[in-house]
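Below you'll find the structure, written out as structure tokens, and then a few comments.
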Amino acid sequence: MATIYTYLGPEGTFTEAALLQVADAVQSVRIPAANVNIALEKVRTGEADAAMVPIENSVEGGVSATLDAIATGEPLGIIGEKLVPIRFVLVAKLGLLLEDIKSVSTHSHAWAQCKQWSDRNIPHAEYLPGSSTAAAAVGLLADNCPYDAAICSPLVAEQRGLTVLADDIGDVADAVTRFILVSKPGALPAPTGSDKTTLVVPLPEDHPGALMEILEQFATRGVNLSRIESRPTGQYLGDYFFSIDVDGHLAEERVADAVRGLHRISPQLRFLGSYPRADRRGYSVPRHHQDKAFREAYTWVEGILKGT
Ligand SMILES: O=C(O)C(=O)Cc1ccccc1
């Protein structure tokens, strides 16, 4: 049966561009969702099989809405990731010039990435948060749109025939956003040799060195971290969980062993998935952290216990 996809919409978001990189998504049903929570809920209820949502940007860091939504509620699994190079344009209502812009709407991550440009070029413009860059752009076409301009992708500007007042307005050239494809938990994608594993680890109890005990599990097994972020649990002030990406697949002994160690320390940990890296970058594993070394050590101990 064909996969039904959902994504942070409407049509023309960077998230849709990420989804269109998925081989079968081009000819599949794609349901736009108004925000990340709604997209993930469609997967939880079965209305969609998989959701594409933004998770991390090379300039602004983690997308809190996504980090929080996948860390709580009915469990979900990450089955893939995609990278999208980001270029922003400023579009405006017909007839307006740059100096006429008094208010701008866009996604909060887009606003943060164009802040220096905005301070220099539209310093008096008020910011109105939008649910996505494309939603802000499309809003300009409504008769009673409450803002003058939007920040979006060049593609959505062209598709909707919007007037571009400024191009390439991101503060950092070569900005990239990472998106994850999320489904209900199930069989893991097969290891490829260039994989990533995502975990959510609550701090079990507040004591000196608690975070170090978590990090030690990775360090002693030669597992490299590629992202770590703390997020408040929302329960009480100072209660945090850690959202962590590591290089490697759960099918690798060193990763499985680290995850077992973490489970002993923090039994509420969530395993969110092992999936191929979008950049296909490899990693070298020292001999004593390779599967063969783990197997030999296991067999050695077994032998001692059996007296052979
Ligand atoms: O709003 C969009 O188009 C999105 O897909 C979210 C987003 C916003 C800013 C940078 C990257 C992704």
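Note that ligands are numbered from 1 as they come in the structure, with each ligand's atoms numbered from 1 the same way.
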Original post:
Does an N or O from H109, backbone or side chain, lie closer than 3.5 Å to an N or O of ligand 1?
Top reply: no

Original post:
To the nearest 0.1 Å, how far is atom 9 (C) of ligand 1 from its closest protein heavy atom, and which atom is that?
Top reply: A110 N, 3.7 Å

Original post:
Given side chains that start at C-beta, do those of E126 and V104 come closer than 4.5 Å, heavy atoms only?
Top reply: no

Original post:
Which heavy atom of the protein is the closest neighbour of atom 2 (C) of ligand 1, given with residue, atom name and distance?
Top reply: T133 OG1, 3.2 Å

Original post:
Which of the atoms of ligand 1 are close to T13, meaning less than 4.0 Å from one of its heavy atoms?
Top reply: 2 (C), 3 (O), 5 (O)

**OP:** Give the residue and atom name of whichever protein heavy atom lies nearest to atom 11 (C) of ligand 1, and the separation in Å to one decimal.
**Re:** T177 OG1, 3.4 Å

Subject >> Value rounded to 0.5 Å, distance of CG in L262 from CZ in F218 >> reply: 4.5 Å

Subject >> Min N/O separation T15 to ligand 1 under 3.5 Å >> reply: yes

Original post:
Are any side-chain N or O atoms of D291 and backbone N or O atoms of E253, one a donor and one an acceptor, separated by less than 3.5 Å?
Top reply: yes

Subject >> Shortest protein contact, atom 8 (C) of ligand 1 (heavy atom only) >> reply: H107 ND1, 3.5 Å

Original post:
Got the closest protein heavy atom to atom 6 (C) of ligand 1, with its distance?
Top reply: L8 CD2, 3.8 Å

Original post:
Is there a side-chain contact between W111 and S118, using heavy atoms and a 4.5 Å cut-off?
Top reply: yes

Original post:
With ring centroids as reference points, do F14 and F88 lie under 6.0 angstrom apart?
Top reply: yes

**OP:** Kindly say whether H109 contributes a backbone atom to a donor-acceptor pair with the side chain of Q113 at under 3.5 angstrom?
**Re:** yes

